[in-house]
Amino acid sequence: MTNKEYDFSKIEPKWQKYWDENKTFRADDFSGKKKFYCLVEFPYPSGDGLHVGHPRSYTALDILARKRRMQDCNVLFPMGFDSFGLPSENYAIKTGIHPTIVTRKNIERFTAQLKSLGFSFDWDRVFSTTDPDYYRWTQWIFIKFFEKGLAYKSKMPINWCLSCKIGLANEEVVDGKCERCGGDVEKRSIEQWMLKITAYADKLIKDLDTVDFLEKIKAQQINWIGRSEGADVDFMIDGTGRKITVYTTRPDTLFGATYMVLSPEHALVHEITSAQQKDAVDAYCRHAARMSDLERTEEKEKTGVFTGAYAVNPVNGKKIPVWIADYVLISYGTGAIMAVAAHDTRDFEFAVKFRLPVICIISPDVKEAESAGVDIQDVLEGKSCWSGNGRMINSSNSDGLDINGLEVTDSKRRTTEWLEKKGIGKGAVNYKLRDWVFSRQRYWGEPIPMIHCDKCGWVPVPEDQLPVLLPQVDKYEPTDTGESPLAVISDWVRTTCPKCGAAAKRETDTMPNWAGSSWYFLRYIDPKNNKCFADRKKLDYWMGVDWYNGGMEHTTLHLLYSRFWNKFLFDCGLVPTSEPYMKRTSHGMVLGEGGEKMSKSRGNVINPDDVVGKYGADVFRLYEMFIGPFDQSAAWDTKGISGIDRFLRKLWRMMVESEISDEPMNREQLRVLHQTIKKVGEDIETLDLNTAISQMMIFTNEFSKSGKLPREAAESFIKVLAPFAPHICEELWEIFGHGSSIAHAPWPAYKDEFLKLDEIEILVQIKGRPKARMMMPAGITQDKMQELALGNAEVGKELSGKKIIKVVCVPGRLVNIVSNP
RNA sequence: GCGCGGGUGGCGAAAUUGGCAGACGCGCCAGACUUAGGAUCUGGUGGGGCAACCCAUGGGGGUUCAAAUCCCCCCUCGCGCACCA
C-alpha cells in the first residue's frame, strides 16, 4: 500500500467529487426499500457564511441518514436555502446591489461550504425560497388560505419596529424589543393581512399527542398557545341597559367578585364613564396609550381609575364598582375582568391599594396552606390572598345556585351550568395565541398575491398569473408611513380587477420571512414540479418527515407555523398527513471559547473553513459530535480538537501499517468489536454521538495494541465509523479492496454471544464496602457466587468473629455480605 | 410568578429497571525514541494520609444490604413564557 500518510486534503475532495459525479445520495421517488425522510432546517444564506452551529445539526442527521442508507433504506436528506429576509435587503439599501445578486453569491458560498463538509444531501433537489418557481406556490397556498377565509385583512394595532420599519408578529417581539435588531417596538394601527392560526389552536395542542417531539418542545408550544377553560359571564351596567362580558377561568368565584376592571382600550369605557370621572378616565387612557408594552409590563405598582359606573353581580344582584386599569389587557379574553380580590394576587394587590372590599369564598386546603406558610384565619378575614385549592364557602343564592363545600372542578362545572341555564353566561375557551400578522412593509419578500378593487374588494391574482414577481425598484428603503417600497412603483401597483376588469391596485405588502419555510419540506419531495406544489403520489410516498432536527429558538415560530400550514393543507385534502413531522429533536448551541455566545463584536467567531482547512472535514465533524451531549449547548475548545485529530491519524496508521490477518480473533477482540457495533448503532438512534465516538476510541485503543489487524474487525469498524467520518472511511474501504462506495455497504450486525465474557470480575463487599475482587464463571448461580465469595481468604479474614446476617448476590456484578457487628 | 432543563476531577464529560463514581477525550506529570518536539509511543493522574484507611457527584434530611440515580426540603445556574383573569 502506498498511502502511508493520512492526507485529508487529497482524500476529502476526491470523495466529494466521487459522490457528486455518481449521485451517491440521490433519493428515489418510489422504491421497494423502506423510505426515510430526514430533515434539517435549511439556512438563511447570510453574507457571513456558514456558522459552526449549522454543522452540529447537519452532521448529526447526516450520520443518521448515512446509517439508514447502509441499513438499505431509501433516504431523502435534502437541503435548500431560506433566502428572503432583512440582511440581504439592508445590504441592498447600503450598496444598491439587488438582493437577488447577493443571495445568489451567498448561496454559492454556502453550497461550497456544505459540500466541503461532506454532507450526504441530495443536491438535485436544492432550491431557494426566493426562486420564482418556489414562491409561486407560496403565493398559491396563501390564496388557498384566503379562499377558505383564513387569510383576512384587518386594521389592528401591531408591533412596529422603529428601526427595521416593519410590522412584527407577536412571536417576533422579545422582551418588548424587535427579535432581529433589538430596537424599540411601538404599537401602530395598520391594515394587515392576518392568518387565522387561532382556528388551529386546539389541533396544534391535541395532535402533539400523535408525534414524537422532545417533551420540552411540546411543553413550550402548549405554553405558547396558552389554552384555558372558563366561562364568559355577562354583567349588566347599572342604569344603562349596557352589558359587559368578562372572561374568567373561575366562574365559581362569582360570589367573591367585588369589583370589575376594564382595559383602558375597552370599547365601552367612555360610554359608561360618569360625568364626574370623565377627566380622570380620559387622562388615564391617554397615559396608557402612550406607554409601550415594555413599560406597561415593567410597571410593578398597580394603577387604575374608577369610572363612576356600577355593574350588577349576576349571582347575588350586588352592585360592584367598575374600574379601568392597565393590568387588564385588551388583547386577551374580552378585555374585561371580574375581580376576586380574595383569591387572585393581582386583584388583591389592586384592592388593597384602592381600598376595595375583599370577600373570602374559598376556605384554603389546610395542608396546602400550611406548607405555603399561609395563615388560614387571615384568608377567611380577607386580610390575605389565597389562590390555591380549597372548598367553596359563602357561595349560594336563592335562585338555585349553591356550591358551598365543593372543590374546584365541581364548583366550576355547577356554576357554568347555572349560568348557561339562566342565559347570563356560557363556558368558553381562550388562548394566548393571537392570529399571525402576515404583512411586511418591506421589499425582499414574497409579494402577497392580492388585488384590491373598489367594487369587488380583495380579489386573488388568478392562478395562471402566478407568481407575482417582485418588480425591479431603484430604492429599497422602507418608509416611515408603513407603506412597502413597492407602493411607489405606480405602474406595477396599477392593474385591473381579475373579476370585473375595472381599474384596481395590487397589494404592496410582502410576506414575512417565515412564509417560505412553512412548507419547504413538501417541496423537497417534488422540487421541479410546475403543475402543482408537489405531486400527490410523491407526497403520499414520502410524507411525513421521519426525523426533523432544528433549533429550540424555532419552537414557537417556524415549527408552529409550519405545523399550522401543513394542517391547513391536510384539511384542504392536499397533503396526506395531519402532522408534518413525526419526530422532532433539537441541538444545543455551539458557544464561543469560554462559553459566551459567538459574535463578531466579541471576536470569538470560529470559521468552519479554517477548521476544515487545518484538520479536515472528518475531524471537524467528529469533533462537533464529541464536544458534549447533542441537546446541550457546548463551548468551542480548540485544544479539544487535537484529541479527535490524533484519533483519526492513529486509526489511519493502524489500518494501513498493520499486518492484515485473516486469523480468528481472540475473545477480547471479538467482545470489543461487537460491543462497538452494538453501542455505535444504538447511540446513533438516540443521538448520543459523543459516547458512540468514545466507544470507537476504545476500539482503536484495543486493536492498535498488536501490529496485527484482523480483516473482519477492520472492515466492520470502517463501516460503523463511515457515517461519522465518511471521507477517510471511503478511502480505507477502497484500500481494503472494495470497488464501490461504502455509502451503501450493509451496516454490520453484532452477535450477543460475543458480548459476554466467560469469566466476570465480581466485587465482594462487606456492608457495602469493597473488600475483594474475584473472577467467577459467567453463568454461575447465586448460591455458588455466595459460596465462592465466602471462601475468599481476604473476606474470611475480615469476617472472623463476626456474624453474617445477610448476603446479597447480584449476578454479574457483586456479592454484598452484611455482618454483625 | 409559571413551565422546562442543568449542578459529578484542573477542563469537556461517562455511568439511570439503585449495584466498583469518574469510561472516552483534553490538560498535566514521568519515561522512551529523537539534533529537536507543538510528532509518536509507554506509564501515571479525584482529594487527604507514610500507611491501613478515610473523604468525595450543589446543600441538608430520608428509604435501602447498596443512592450521582428513588422520596422530602433548600440553594444555585441556564432557557422559555410572563399583569393571560
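Each chain gets a letter, A, B and so on, in the order the sequences are listed, and its residues count up from 1.
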Look at all strands and tell whether [X] reaches a base, only sugar-phosphate, or nothing, counting heavy atoms closer than 4.0 Å.
{"X": "A:K432", "result": "base"}
{"X": "A:N430", "result": "nothing"}
{"X": "A:S228", "result": "sugar-phosphate"}
{"X": "A:V261", "result": "nothing"}
{"X": "A:E761", "result": "base"}
{"X": "A:R227", "result": "nothing"}
{"X": "A:N690", "result": "sugar-phosphate"}
{"X": "A:L814", "result": "base"}
{"X": "A:I627", "result": "sugar-phosphate"}

Using Watson-Crick or G-U wobble geometry with both distances under 3.5 Å, which nucleotide pairs with [N]?
{"N": "B:A23", "result": "none"}
{"N": "B:G43", "result": "B:C29"}
{"N": "B:A51", "result": "none"}
{"N": "B:G78", "result": "B:C4"}
{"N": "B:U34", "result": "none"}
{"N": "B:A14", "result": "none"}
{"N": "B:A56", "result": "none"}

Fill in: Whole angstrom value for the distance that separates C1' of B:A39 from OH of A:Y615
14 Å
Fill in: Atom-pair distance (CD on A:Q220; P on B:C2), nearest Å
18 Å
Response to the item:
Nearest-nucleotide check on RNA chain B, A:R250 vs A:I698; residue mapping nearer the 5' end is A:I698
Discussion item. Can you see whether A:D347 engages A:Y327 through a side-chain donor-acceptor pair at a distance of less than 3.5 angstrom?
Written reply: yes
Discussion item. Just by distance, no angles: are the side chains of A:E41 and A:H558 close enough, under 3.5 Å, to form a donor-acceptor pair?
Written reply: no
Quick one, [X] and [Y] - any side-chain contact, counting heavy atoms below 4.5 Å?
{"X": "A:D618", "Y": "A:F8", "value": "no"}
{"X": "A:R769", "Y": "A:Q765", "value": "no"}
{"X": "A:W323", "Y": "A:L262", "value": "no"}
{"X": "A:W652", "Y": "A:E657", "value": "no"}

Worksheet entry | Charged N-O contact under 4.0 Å between A:K426 and A:D232 | no
Worksheet item: Between A:E349 and A:K353, is there a side-chain N and carboxylate O pair less than 4.0 Å apart?
Response: no
Taking [M] as the reference, what is the distance to [N] when you measure between their [atom1] atoms (whole Å, please)?
{"N": "B:G25", "M": "B:G9", "atom1": "C1'", "result": "14 Å"}
{"N": "B:A82", "M": "B:A15", "atom1": "P", "result": "35 Å"}
{"N": "B:C20", "M": "B:A67", "atom1": "C1'", "result": "14 Å"}
{"N": "B:G18", "M": "B:G60", "atom1": "P", "result": "24 Å"}
{"N": "B:U17", "M": "B:C4", "atom1": "P", "result": "23 Å"}
{"N": "B:C81", "M": "B:C41", "atom1": "P", "result": "49 Å"}
{"N": "B:A23", "M": "B:A13", "atom1": "C1'", "result": "10 Å"}
{"N": "B:U69", "M": "B:C54", "atom1": "C1'", "result": "24 Å"}

Are [X] and [N] close enough that a side-chain N or O sits under 4.0 Å from OP1 or OP2?
{"X": "A:R646", "N": "B:G38", "answer": "no"}
{"X": "A:N701", "N": "B:G25", "answer": "yes"}
{"X": "A:R653", "N": "B:C41", "answer": "yes"}
{"X": "A:Y247", "N": "B:A85", "answer": "no"}
{"X": "A:K806", "N": "B:C65", "answer": "yes"}

Measuring from the side chain of [X] (C-beta onward, heavy atoms only), which nucleotide among [options] has the closest atom?
{"X": "A:F626", "options": "B:G27, B:A15, B:G25", "result": "B:G25"}
{"X": "A:N223", "options": "B:C20, B:A13, B:C81", "result": "B:C81"}
{"X": "A:D344", "options": "B:A85, B:G27, B:C24", "result": "B:A85"}
{"X": "A:W224", "options": "B:C81, B:G19, B:C54", "result": "B:C81"}
{"X": "A:K639", "options": "B:G27, B:G25, B:C41", "result": "B:G27"}
{"X": "A:S694", "options": "B:G27, B:C83, B:C24", "result": "B:C24"}

Fill in: Donor/acceptor link under 3.5 angstrom from A:K302 side chain onto base of B:C83
yes
Response to the item:
Glycosidic torsion of B:G9 (syn if within 90° of 0, anti otherwise) classifies it as syn
